[in-house]
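Only one structure is covered here, and it is reproduced in the block below.
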Number of protein chains: 2
Amino acid sequence: MPATPRRTRSDALQNRERLLEVAAQAFAEQGLDTAPAAIAKQAGVGVGTLYRHFPTREVLIDAAYRRQLTQVCEKVNDLLAQHPAAEATRMWMEHFIHYATAKSGMSEALNAVIASGIDPYSDSRVLLTDAVATLLAAGARDGSLRTDVTPDNVLLLMGGIAYSVQHGTEEQARPLVDLFMDALTKDSSAS
Amino acid sequence: MPATPRRTRSDALQNRERLLEVAAQAFAEQGLDTAPAAIAKQAGVGVGTLYRHFPTREVLIDAAYRRQLTQVCEKVNDLLAQHPAAEATRMWMEHFIHYATAKSGMSEALNAVIASGIDPYSDSRVLLTDAVATLLAAGARDGSLRTDVTPDNVLLLMGGIAYSVQHGTEEQARPLVDLFMDALTKDSSAS
DNA sequence: AGTAATACCGGAACTTATTCCGTTTAAAGT
DNA sequence: ACTTTAAACGGAATAAGTTCCGGTATTACT
């Protein structure tokens, strides 16, 4: 048994970084169904290398969009600092939707991440879940949001909205966000 | 130019029917990712025949689940005949969810159909849209449902719920249905 | 019934995604 | 500096999905 926790090779790190860069650009320009082989080639590595770093399409997408997603999720803290929970939530959802419409491929990516309950522990999913959890917790504290909803519930429905937006415009998503917010802000003593 | 609108060959019809039967069973037993080749083989035809009748996976799924979906959608009329619109809607949603949890593969199929805004004119999608539209219209008539929501909006969110149910239990879906119904029954004069 | 036209059939060929494995090369120890 | 070790590499091999085309069987017509 090799008890040598040898550290990661430097070329491996570089290749990984390169792949991520290329993938992010390729996804944005040509959509999520860009051929893995093409990405590998442009990054100057073999497909084997790509698959070793990112075993499935999902993992690659997840990693490629992580940075952007991080930005979206960080917005939560800013918003909560300046607005009551319910309002912050609405604003965040709109921010989220805006992002989904603005960045080509983003909503596809979001859905790939959100809808894949298969792997609830992907980094991006954790990121999103935490963001929503923070909002819900704040809502519970100031009493502006109902307490019988889980972050997963919210994410799932937001994924649905993002998906619909993908084929429509930001304006078309508005009614859905309104609808959803109405539901979230309703007194939680129902039923 | 052959102006002979020759009628469809009888063996073609039989094959199509056979494929549908086999596909429905295979999907139910082994999930939606059953290999096309396997379905074709069990139906005793070549893959070419399968693809001619059902050009994409979606079309096949759509066709295979049509009958079951029809049943679910027909329930709308029964429910509306005996209950006010809002209550009928809630009951129908629960029926829908129940179906999604009971029939293995059903929620996958539902999502394949609903989430594929790509082809808004698939037969099953029309079926579902009509069902929801009927409910919403009834709600508008008796004033129990808000009027600023489209059937597509509703379907999309129901798809999300169905998807979450796929990985959970019927009970876990309840809060989401409640949430959604709260939103739908809320006064539509908002904002 | 016999024949011509053509819709349909089956599976081979092609394409694209994923896995596997012999070779290379950076890292750690001498 | 040199050797050892195994992590990482590239691309060939495999698997799965989809298209294409030569052959066959059904229909419509005589």
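Naming convention: chains lettered A, B, ... in sequence-line order (proteins, then strands); numbering from 1 in each chain.
- Among all heavy-atom pairs drawn from B:P36 and B:L50, the shortest one is O-CD1, 3.5 Å.
- Within 4.0 Å (heavy atoms only), A:T56 reaches no atom of the nucleic acid at all.
- The CD-C1' distance, from A:E58 to C:dT18, rounds to 15 Å in whole Å.
- Surrounding CD of B:Q42 are at most 12 heavy atoms belonging to other residues, nucleotides or ligands under 6.0 Å away.
- Between A:R16 atom CZ and D:dA7 atom P the separation is 17 Å, expressed in whole Å.
- Phosphate proximity of D:dA8 to A:H53: absent, as no side-chain N or O sits under 4.0 Å from OP1 or OP2.
- Sorted by residue number, the members of residues 40-52 of chain A with any non-hydrogen atom under 4.0 Å from DNA chain D read A:G44, A:V45, A:G46, A:V47, A:G48, A:T49, A:R52.
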Just distance, no hydrogens or angles: give the donor-acceptor pairs under 3.5 Å from side chains in residues 63-70 of chain A, sequence neighbours left out.
from: A:R66; atom 1: NH1; to: A:D123; atom 2: OD2; distance (Å): 3.3
from: A:R66; atom 1: NH2; to: A:D62; atom 2: OD1; distance (Å): 2.7
from: A:T70; atom 1: OG1; to: A:R66; atom 2: O; distance (Å): 2.7

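- One atom, CG of A:L13, and another, C1' of D:dA7, lie 13 Å apart when rounded to the nearest Å.
- At whole-Å resolution of the value, CZ in B:F54 and P in D:dG17 are 17 Å apart.
- Proximity of residues 20-35 of chain A to DNA chain C (heavy atom under 4.0 angstrom from any strand atom) is restricted to A:A35.
- In this structure, B:T8 does not reach the C:dA7 phosphate: none of its side-chain N or O atoms is under 4.0 Å from OP1 or OP2.
- Between A:L136 and A:P151, some side-chain heavy-atom pair lies under the 4.5 Å cut-off.
- The two residues A:A131 and A:V76 have their closest heavy-atom pair at CB-CG2, 3.9 Å.
- A donor-acceptor contact under 3.5 Å is formed by the side chain of B:R9 with the base of C:dA7.
- OP1 or OP2 of D:dC9 lies within a sub-4.0 Å distance of a side-chain N or O belonging to A:N15.
- Protein atom CD1 of B:I39 is 15 Å distant from nucleotide atom P of C:dG10, rounded to whole Å.
- With hydrogens and angles left out, the side-chain atoms of A:E21 and A:Q25 include no donor and acceptor closer than 3.5 Å.
- Ring pair A:W92/A:F96 is tilted by interplanar angle, where 30° to 60° counts as tilted.
- For B:R7, whose side chain is taken as the heavy atoms from C-beta onward, the closest listed nucleotide among C:dC8, D:dT18, D:dA28 is D:dA28.
- Donor-acceptor pairing under 3.5 Å is lacking for the side chains of B:T150 and B:D152.
- Residues B:R57 and B:D11 each lie close to DNA chain D; by heavy-atom proximity, the contact nearer the 5' end of the strand is made by B:R57.
- By the 4.0 Å N-to-carboxylate-O rule, B:D178 lies close enough to B:R90 to be salt-bridged with it.
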